[in-house]
Structure formats: structure tokens, C-alpha cells
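Letters go in sequence order (proteins before strands), and every chain restarts at 1. Quick caveat, the model's predicted, so the values are computed rather than measured.
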Number of protein chains: 2
Amino acid sequence: MVQIPKTSAPTSPAPHSVPTSADVARLAGVSRATVSYVLNNTSAVRISEPTRRRVHQAAKELGYVPHAAARSLRAGHSRMVLMPAPDVPVGPLYSQFFNELQWALSRLDYTVVQYGSVGLQGDEAARAWAELRPVAVLVPGSGLGTEGVAVLKRSGARAVVTLGPDRVEGAHALIMDHHEVGRSAGAHLRARGYRRVGVVVPEDPGLEIFSKPRFEGVRQALSGTDASVTEVSLAYDEEAASQLAARWRSLGLDAVFAYNDEYAMLLMRALQDEGIGIPGDTAVIGADDLMLGRLLRPRLSTVHIDLPSGRELAELVDRAVREPGAPPEAHEVLGATVVHRESS
Amino acid sequence: MVQIPKTSAPTSPAPHSVPTSADVARLAGVSRATVSYVLNNTSAVRISEPTRRRVHQAAKELGYVPHAAARSLRAGHSRMVLMPAPDVPVGPLYSQFFNELQWALSRLDYTVVQYGSVGLQGDEAARAWAELRPVAVLVPGSGLGTEGVAVLKRSGARAVVTLGPDRVEGAHALIMDHHEVGRSAGAHLRARGYRRVGVVVPEDPGLEIFSKPRFEGVRQALSGTDASVTEVSLAYDEEAASQLAARWRSLGLDAVFAYNDEYAMLLMRALQDEGIGIPGDTAVIGADDLMLGRLLRPRLSTVHIDLPSGRELAELVDRAVREPGAPPEAHEVLGATVVHRESS
DNA sequence: TTGAAAGCGCTACCAC
DNA sequence: GTGGTAGCGCTTTCAA
């Protein structure tokens, strides 16, 4: 029987070491090999039913849990898919995508692990990830360079996938080019006849990866026309917004792409409080197509963003893992479509 | 020299296996022991400078990265802090808390890993986590039971901390009792003279952990008074909100606690579109004190929630790891204070 | 049907 | 100063 009486407090300060398969074997009166066969349902070998029972019973009594590190050390590989945890607060879009991905990967029998790599820079981070010998690494953003990819592959990663603005040599890429978001917004504003277009760029440096290309996209969409594009820096707080609103008229803008829906809401509110009509005096368009945009008055025009489904990415990963020799795939996966509502 | 010429394409399909410390030793012309000493800066032993250089050089050429599993297998422990990834989209509050935590733990030389455990139930999940032999496990929500804690501890976790509504035997607890949120809101509404109070309860079953206690809290705050409390179910979409608004007057409520700021915004908009004045006809109060509440008109009253700082939790973890015999601590860490604005 | 033993990559004890 | 080597927990071939 188990040594800890069921009825006593489970806080047993006994320094009992953690049970190994050898302990299970001992208790069941069999060899470690047999324990392994039984617990892994190894089909290549047939174990008698009584023995199986004894092993299972022993494992249960000891509370045996296999040691993943030992197992994958022996096996020479794992099924861990590693993903650095994003260090900026992410919105519902990313959360949903990530959940889907996780679900799809677990269906394919991979284990998804988000690795917190605060404070690690570029190749140093790649090395830290490589220490875990993941079978695949999914890297959002643009932190990974060619050397990082090489480190990961050398250490056994069979698939390295970047989710970001650009391709990295040797890695599969899900290219999420936010230029397209800006371009859609810009084209929309141009088509609706606006000529002096502002583009909000968040002050938060962590958002630069998105804000820069979105800004550039607007510029691209309006280049070759008589429209002007003005960068408008804005921190995500009320004070900053109202200060901006106070000098808004002096900017002489007839439309603004507000980076995303949240910044759009912030700015809209400040403009309205300043007596600036939307879209009459200034048109506003956001991005991300959040629920809140539909709730604003006027209803917020926005750029809806299509991310790849988690299932798609999971399949890419699986394909890459099974065929590591195959040349890296690169897919443009960010779709942007304008949802025209009332604010533009 | 390294075998892959620097100038050729780095897509070397060569099935070269991943370099081990033995490879480094061979290339440097020393023993594996020496490699280990050098790369870990072992202070107990002095290695000559030329040797150090040779080892470092060889490691670099091979792109050697130590194998974390092998290392922790040998060491008998790791410094991995495991946290199951939340399966519901989390708001900025949690994101920020988590980032702080991660940062604070990495300062203490722990590695934080979020483990995606979709589809795993209770003790099964605990077993999956235990396989990784983390030194500490932080579990948000209420999924972990006494048996789960026991499994984790038996498999070597020196600290198990739950972040949720209740204590679990044997685990440290950061008790986040959302009753207090409801109580604050209820007390506020009562103090302001409202008597027929509605409480929005999201339909999303994943939010029950929060919505149930928040609802109960309001009930508690109003029990013993002549005020009534009515549960109002609501899905997070416009259609549901406008249907609710259409029958709002028939509910005869003079105030509503809207679960959180986002649901509050959804409901407020629907009510206003229905011609229901806020707070004149119905007062509204949200929770979470998000930026968006300040931007609504009328400005949204809300319940500000104080979570523990990531640093505090990190210190608790560290203490628990160093003193695994110590009795589990339990702290009430959820502070709720009403921020009165214009909507109530 | 079951057991003995090798070995995955690494570190740390002991010898030289 | 440096090297040999045992052994962490596990799986799997080969024998019995």
C-alpha cells in the first residue's frame, strides 16, 4: 500500500525522492524493461495481463510520473513546439490565433510551450531556445536572424517558422506584412476623397514592428496622388489624446488612420470632446475590427485583419517536421480588408 | 575549421547530427570534463587560459548548445517554473501581471514556461506538467485539485501555487476572490440609492469562474436590504445586447453591474440606442478599470482591481522553492475599489 | 514472456 | 590543471 495514509494531512514533509520506473519495477516485482513496455503499451511485445495489472497498480500506488527529459534524451528527440512568449500585451486576435494553434498542434500530438524570454536578445535568445531541443520553433516578430535560425537547426529543430514582416534565410515564413493594413486604409481614404491624411503612430516602442509598416503602407497608397501623409505620434493615455486634439485643427487633416481600433477610440473621443465632427471635420479609420468599433458612435470604420488559422500553421509545422529537407515555404498570410462604417 | 563554408547557402541538407560536448572536446583536443568546466565557469577548478580559449573556440565553431534535458537530468533538478497557458483570451490586466512575473522570475534566475494544456482535464493535466519536472508550478484558475497538487509535489515540484478563488490543500495560494468585486459594486450601488439591481452574467462558460462570484458578491452586498438582485444573461455580441435592451424596461432595473467594462460598453450602447438614459433611467457600473471606460460617455464607473505584483509572486515562489518544508502560505491578493465616474 | 545491459548528453567526484 | 568515469531516468536491442 501507499505509505501516506489517506486520512492524514497530505503535507508530508518526508524528503521521499521522486519515484522512478525502477521503483515501480521493484514494487511490481518485474524488471524496468517490463515497466516500460507496459506503461507505453509497446505493441512489439506481449506482456501477460496479470503482469500488466501489477505494473499499473504499482505505478499508481507510487504516483509514478515518467520523466520527460530522460525520455527525450533517450529517444533523441521530443515533440515540443516552442514559441517565445510575446513580451507586449497582445490583443484578442493573437490570443485566439494562438489558442487555435495550440489546439491544432495538440491534435497532431505536439506539445506547445511558450518560453518566456524577457531580456534575451536575438541570437542569445535563440541559443536559450535551442537548449530545450524543441522539434519546432515558432517565432513571432522580427527578433530572429539568419544566425539564430542556424543555431536552432544545428541543435536539431526540424522546423523553424517565423511569423513576422520578413523572411529569414533558412526558415519557413508566415509573412505578416502590416504594410497591407496601411495600404488598405490609405486606399479607402483616398477613394473617399480625403486629401490630408494623418497616421497615428503609437509612442510605445514595442509596437513599432506594427506601426511602422502600417504607416508606410498609407504612404504607399497615397504616393503619386496629391494627398499628403502626416505622422502623428500618440501615447495611449487620455492626457496625450486631449493635447493632440487641442492642436488638431492646426494640423489641417481631413482624415486619420488611427493605427488600430483602440487608438481610434481614444482619438475619436478626444476629437469629439474638442468639438471636431467625425467624419465631417475629420474622418477616422481604425484597424483590427474589434467589437468596440461597432459600439462607437459614429460606428468606426476599420481594417479587418485575416490571420492564418491556427490549423494551417499547425499543418505547416507538421509538414516541415516530417520533411525537414524540404525548402522553406513562405506564405503571405495577412489579409486586410476595409470594413466601411460611419466614421469615414 | 567548421565544415560548412561560410559563403555557401546555409541550407545545408546534410544530416549532420547535433554537436555534443564530446564533439567540442574532440575538436579542442581536451576531455569532456574540461569542456564542462570551461563552459560552466566552474570555480572549483582552474583551467589554463590557452585551454579555455581552445574550448570556447571549438564550441563556437561547432555551434555547440548544451542540452538542457541532459543537464537537468544529471543535476536532478531544473529551474523551470511552469505555468499552464490560460485557455481563455485574457485581458491586459493579466498580460501585464504575467509579464511582470516573468521578468521578476528571470531576475531570480528561473525560466518561465507556459505549457499549453488544451484538452487536458484536472489531474491528467497535472500529470502532464509533472513530466517536465518543474521546480515550481503556478496554476491560475480552479482546475487543480488536492490530488493534482500531490502529483506535482511527489514528482519534485518544490512549490505549487494556485492563483484562483480557493485554497487547495498542500499548495500555496494567491486567493483571488472575485466576490469582492461584486461586493464593491453592490455596496456602491446601494449607497447611491439604487434598489433594483441587475447583474450581467456572460454566457461564455469559460468566464463562469469570474462571473459567478462577482454575481454572488453583489447579492451579498445587497442582502438584508430591500434591494433586489436580478441575474441578466448576455452573450458578447451586438445582437444579444440589443435584444436585451429591447426588453430592458420590462425588467424594471434602476442599476446594473455589467460584469466588466467591455460588457458594460456593449450594454450601455444598446441601452442608449434604445433611448434609455444612463444613469438617469439605469445606472451602469463595470469592472477592471480599462481605458475604454474613461472614454465612454457618460464616463463609466468601474471596479478597479488590484492584482498582486509579479514581483511579489516571484518572491513567494522563490521562498517556497528554497524552503519547501514550510507550510503553504495563503494570501488574499485581490483588491477591489470602486472608481466612481458618471454612469452611476 | 521477461530480464540484463547499453547508452542518450551532461556534470562532478576522484585520480593522476 | 586535466582526464577517466559513474550515473541521472529512460527505452530498446538482444538473450534467455
Side-chain angles (χ1 to χ4, degrees), chain A residues 17-55 58-59 62-80 127 130-135 154-156, chain B residues 17-56 58-59 62-80 130-135 154-156:
Chain A
S17 58
V18 342
T20 72
S21 78
D23 296 322
V24 176
R26 202 155 24 239
L27 182 56
V30 299
S31 74
R32 274 154 58 231
T34 306
V35 170
S36 178
Y37 293 143
V38 171
L39 295 183
N40 295 311
N41 273 317
T42 309
S43 51
V45 66
R46 301 200 56 77
I47 304 284
S48 70
E49 202 47 49
T51 305
R52 304 185 87 84
R53 241 197 270 291
R54 288 220 312 288
V55 169
L62 294 176
Y64 170 71
V65 174
H67 192 307
R71 174 179 290 176
S72 70
L73 182 59
R74 168 65 225 235
H77 61 97
S78 75
R79 295 194 56 88
M80 180 199 300
R127 222 174 327 268
E131 291 193 2
L132 298 185
R133 298 290 191 272
V135 69
R154 261 201 307 266
S155 65
Chain B
S17 58
V18 344
T20 72
S21 78
D23 296 321
V24 176
R26 206 158 16 245
L27 182 56
V30 298
S31 75
R32 275 157 54 234
T34 304
V35 170
S36 177
Y37 293 143
V38 170
L39 296 184
N40 295 309
N41 271 317
T42 308
S43 50
V45 64
R46 301 200 56 76
I47 304 285
S48 71
E49 201 48 49
T51 305
R52 304 184 87 85
R53 241 195 271 291
R54 287 221 311 288
V55 169
H56 277 127
L62 294 175
Y64 170 71
V65 174
H67 193 307
R71 174 180 290 176
S72 70
L73 182 59
R74 167 66 225 229
H77 63 254
S78 74
R79 293 193 58 88
M80 180 199 301
E131 291 194 2
L132 298 184
R133 298 289 191 274
V135 69
R154 261 200 308 266
S155 65

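- A:Ser48 has a side-chain polar atom (N or O) that falls below the 4.0 Å cut-off from OP1 or OP2 of C:dT2.
- We find that CG of B:Leu73 is positioned 12 Å from P of C:dG9, with the value rounded to whole Å.
- Annotation for B:Arg133 and A:Val65: closest pair NH2-O, 2.6 Å, computed over non-hydrogen atoms.
- In this structure, B:Arg74 atom CZ and C:dT11 atom C1' are separated by 4 Å, rounded to whole Å.
- Of all nucleotides listed (D:dT2, D:dC10, C:dG9), D:dT2 comes nearest to the side chain of B:Ile47.
- With B:Thr42 contributing its side chain and B:Ala44 its backbone, the two residues share no donor-acceptor pair below 3.5 Å.
- Look at CZ on A:Arg26: it is 19 Å from P on C:dT2, rounded to the nearest Å.
- A distance-only check finds a donor-acceptor pair linking the side chain of A:Arg54 to the backbone of A:Ala28 [under 3.5 Å].
- Taking each heavy atom of B:Ser72 and A:Ala69 in turn, the nearest pair found is OG-CB, 4.4 Å.
- The shortest heavy-atom contact between A:Tyr64 and A:Leu39 is CE2-CD1, 3.5 Å.
- In this structure, the side chain of A:Thr20 engages the main chain of A:Ala22 through a donor-acceptor pair within 3.5 Å.
- Side-chain N/O atoms of B:Arg71 include one lying less than 4.0 angstrom from OP1 or OP2 on C:dT11.
- Overall bending of the helix from C:dT1-D:dA16 to C:dC16-D:dG1, expressed as the angle between end axes built from five pairs apiece, is 50° (10° steps).
- Between the P atom of D:dC10 and the CZ atom of B:Arg133 lies a distance of 7 Å, rounded to the nearest Å.
- Side-chain proximity of A:Ser21 to C:dG9, C:dT11, D:dC10: nearest is D:dC10.
- Scanning all heavy atoms of the two residues, the minimum distance from A:Thr51 to A:Val30 falls at CG2-CG1, 3.9 Å.
- The distance from atom OG of A:Ser78 to atom CG of A:Leu73, rounded to the nearest 0.5 Å, is 11.5 Å.
- What separates CD of A:Glu131 from C1' of C:dG9 is a distance of 13 Å, to the nearest Å.
- Between B:Tyr64 atom OH and C:dG9 atom P there is a gap of 10 Å when expressed in whole angstrom units.
- Less than 4.0 Å separates DNA chain C from at least one heavy atom of each of the following residues of residues 29-40 of chain B: B:Arg32, B:Ala33, B:Ser36, B:Tyr37, B:Asn40.
- The main-chain N or O of B:Thr34 is found under 3.5 Å from a side-chain atom of B:Ser31 such that the two form a donor-acceptor pair.
- Each of A:Arg52 and B:Thr20 has a nearest nucleotide on DNA chain C; the 5'-most of these lies closest to A:Arg52.
- Taking 4.0 angstrom as the limit, A:Thr51 places none of its side-chain polar atoms (N or O) nearer than this to OP1 or OP2 of C:dT1.
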